[in-house]
Amino acid sequence: TFGRKLQAMLCAMHPYTAFGPAENLALQRLVESRRRLVIDGVVTDVKSEAGYTASVEFLSSIEAAAEVLGLQPAPRQYRSGFTTNYRALFPDSNRHYRTDVLEACVDQQFDIWVNGQKFELDPVAVQRAQTLQAAWIGLIAEIDRWPLNRRSELVAALTTFDQSWAAFEEKYIGALISIEAQARQLIVEAVEQERRLPADPSTQPTKAEECEQAFVQTVAQLNAIANYKGKGRDDLKIDVLQQARCVLQQKRIRGQDAAEVLANDVVASFSALRSYMRQVHRCLEHVDPHLCNNAGLVARLVDYEESWEIGMRYICNECLLDAMCDVYAEVREAEQIAPQLTTMLEDCDVELFMVLPRLVILTFLADPRARRAELIRTLLPHRFGPSCSSDASFKVDPELKALYGRYREAVRHLGGPMPAKIALVQRAVRGSSRSPSQGDPHDADRASRDLLHAVEQWSLELQRHCPEDWNQCSAILVHCLTKRESKLQTTGFQV
């Protein structure tokens, strides 16, 4: 071809610049890959898909050309000090040019953010990055001159580039290793703290409490940094765990099962985190320094935060826990009255979440002085006065007093508390819009229908006043009633 004839003529004009056939082929490929580089002024684009692909190809062509020309790579003994992960990327003393190293040099951005913390490259690394950038620009300029340049000029450009690359790689990768070690430090601390926990806390209660406190504090920091799927709370304290253990040793008259489910969730999430730390200890090098990228850790933190947040609100508040247990017991009784409620719970039917608020309001009206009243006061605080007495609450809110009056009227028409409970629960579960049961007296039917219509309005208020609180409450009830196992109990270990 014309190009090859021109190249032969130029080589004849410059006898000291002649390259062999294999060298010419390697250099031709280098020139072609250079032409595909995406360059804006003097800045090489390595971020876009096209720019990244072209950079990978060009770096590979540089390595191939240097090998064909017989150039020895700059010494890279420093790689023996790399961590396992980086030795996998740089397994020997060959060049192994990588686009991510080039990007660090080209961007000239020397701030590295990990887990919300800013790290900066030291001045020596910055200076070497600038030297490498100059060598990169010089090499490109030299390649652009081919085949007019001398062999010695191209060899010098390739050698300078490789030496500059090795010098920057040593400092840059070393800095990354140091930054990653600092980023993993919380995991390392948690692993060490878990190892110090006594196997049997009862034999060393003081030491166990101190070690658990330190471990929980570190977990709270991890949660704030890594739990991007949750709220990232860092205020969940050791007293949640301590109170959960106390609850498991207590016996309540009503709804003990619900208290045990919530307390066991707290203890189980704590045990799951301990188990994770024991297992991750064997593979710390596989922990992503960006802690939120570790799926196994995040899953356990999500479970921990959800369980402990509920524990802090309900388990650490005895009145509220008793109220939840009381409502739980009432819903259990409602299952006996209306078996279709059990099916709704098992299937997690969407209609269930319309039925539950009705039942919660009805259980409150059935006995406003019972423990369950505290749950309603928590969910609808604007309907109650500052006093904890139920009488004071009715005096404060006329609409609530009127609703209670309707309930008493329905009870009278339906023949007493127990028949009223059966009729109202059945109607609440099947929906107040459906036909009443056959045989109901007309006045009783009208009274119960009017009551359920009013209850429906209050159930909507219960859901809408503070949706987050109600969603949590309903989720707790469903969880306690169904006692579904955590997904973490059925999955294997994952970093």
Side-chain angles (χ1 to χ4, degrees), residues 201 212 215-216 219-220 223 227 229-231 233 235-275 299-335 341-342 345-346 348 352-353 356-357 359-360 363-364 370-379 462-463 466-490:
E212 283 184 343
F215 181 68
V216 168
V219 168
N223 191 59
N227 187 2
K229 291 186 176 180
K231 299 176 183 177
R233 295 184 62 161
D235 59 342
L236 301 172
K237 308 298 183 184
I238 188 67
D239 56 335
V240 178
L241 178 64
Q242 294 169 339
Q243 191 60 33
R245 288 170 175 163
C246 290
V247 165
L248 291 173
Q249 296 174 357
Q250 298 170 352
K251 292 298 177 183
R252 283 171 169 73
I253 298 175
R254 286 171 61 79
Q256 174 65 18
D257 288 354
E260 289 179 355
V261 168
L262 299 184
N264 276 321
D265 285 346
V266 171
V267 175
S269 65
F270 180 74
S271 299
L273 276 167
R274 288 194 61 182
S275 175
R300 281 159 181 78
L301 289 174
V302 167
D303 183 52
Y304 149 83
E305 183 180 79
E306 290 178 352
S307 302
W308 284 50
E309 184 176 53
I310 291 170
M312 186 167 69
R313 181 167 191 177
Y314 287 90
I315 293 177
C316 293
N317 183 334
E318 188 171 359
C319 290
L320 196 53
L321 180 60
D322 287 341
M324 177 62 75
C325 290
D326 196 16
V327 171
Y328 163 84
E330 287 292 311
V331 178
R332 275 289 186 224
E333 291 181 10
E335 287 186 81
L341 178 58
T342 301
L345 284 164
E346 290 173 351
C348 210
L352 170 67
F353 298 98
L356 275 180
L359 293 178
V360 171
T363 59
F364 167 71
R371 293 177 176 179
R372 67 196 70 159
E374 183 62 25
L375 183 62
I376 302 298
R377 290 191 186 97
T378 302
L379 295 171
L462 194 65
Q463 298 171 69
C466 185
E468 184 177 359
D469 288 349
W470 169 251
N471 288 342
Q472 185 185 64
C473 175
S474 61
I476 291 171
L477 279 172
V478 172
H479 176 54
C480 292
L481 290 163
T482 57
K483 298 180 181 177
R484 290 188 172 93
E485 290 186 359
S486 169
K487 292 180 180 179
L488 293 179
Q489 298 177 14
T490 58

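Side chains are part of it too, since the values below use all heavy atoms of this structure and drop only hydrogens, waters and symmetry mates. All values derive from a computational prediction rather than experimental measurement.
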Pairwise side-chain contact, Leu262 with Val247, heavy-atom cut-off 4.5 Å (strictly under): no
Worked check of side chain to side chain contact (heavy atoms under 4.5 Å, CB included) between Leu301 and Val219: CA-CA 8 Å; Leu301 289 174; Val219 168; 4.2 Å; yes
For Val216 against Lys237, the heavy-atom pair lying closest together: CG1-C, 4.1 Å
Partners passing side chain to side chain contact (heavy atoms under 4.5 Å, CB included) against Ser275 (at least two apart in sequence or in another chain): Arg278, Gln279
Sidechain-backbone polar pair: Gln250 side chain, Gln256 backbone, donor-acceptor under 3.5 Å: no
Partner residues of Cys466 under the side chain to side chain contact (heavy atoms under 4.5 Å, CB included) criterion, sequence neighbours left out: Asp469
Heavy atoms of other groups near Arg313 CZ, more than 12 under 6.0 Å: yes
Closest non-hydrogen atom pair, Lys483 against Val261: CG-CG2, 4.0 Å
Atom of Cys473, atom of Leu379 and distance for their closest heavy-atom approach: SG-CD1, 4.1 Å
Under the side chain to side chain donor-acceptor pair (under 3.5 Å) test, residues paired with Glu309 that sit two or more places apart: Lys231, Arg233
Nearest non-hydrogen partners of Asn227 and Asn223, listed with the distance: ND2-OD1, 2.9 Å
Sequence-distant partners of Ala244, side chain to side chain contact (heavy atoms under 4.5 Å, CB included), two or more places apart: Ala263, Val266, Val267, Ile315
Nearest non-hydrogen partners of Gln463 and Phe353, listed with the distance: OE1-O, 3.9 Å
What side-chain donor-acceptor pairs closer than 3.5 Å can you find for residues 318-331, not counting sequence neighbours?
unit_1 : atom_1 : unit_2 : atom_2 : d
Asp322 : OD1    : Arg252 : NE     : 2.7
Asp326 : OD1    : Arg254 : NE     : 2.8
Asp326 : OD1    : Arg254 : NH2    : 3.3
Asp326 : OD2    : Arg372 : N      : 3.2
Asp326 : OD2    : Arg372 : NE     : 3.0
Tyr328 : OH     : Arg332 : NE     : 3.2
Glu330 : OE1    : Lys421 : NZ     : 3.3
Glu330 : OE2    : Arg254 : NH2    : 2.7
Glu330 : OE2    : Arg372 : NH2    : 3.3

Separation between CG of Asp265 and SG of Cys480, rounded to the nearest 0.5 Å: 7.5 Å
Atom pair CD1 (Ile310) and CD1 (Ile476), whose distance is rounded to the nearest 0.5 Å: 4.0 Å
By side chain to side chain contact (heavy atoms under 4.5 Å, CB included) - contacts of Ser269 (at least two apart): Asp303, Tyr304, Ser307, Trp308
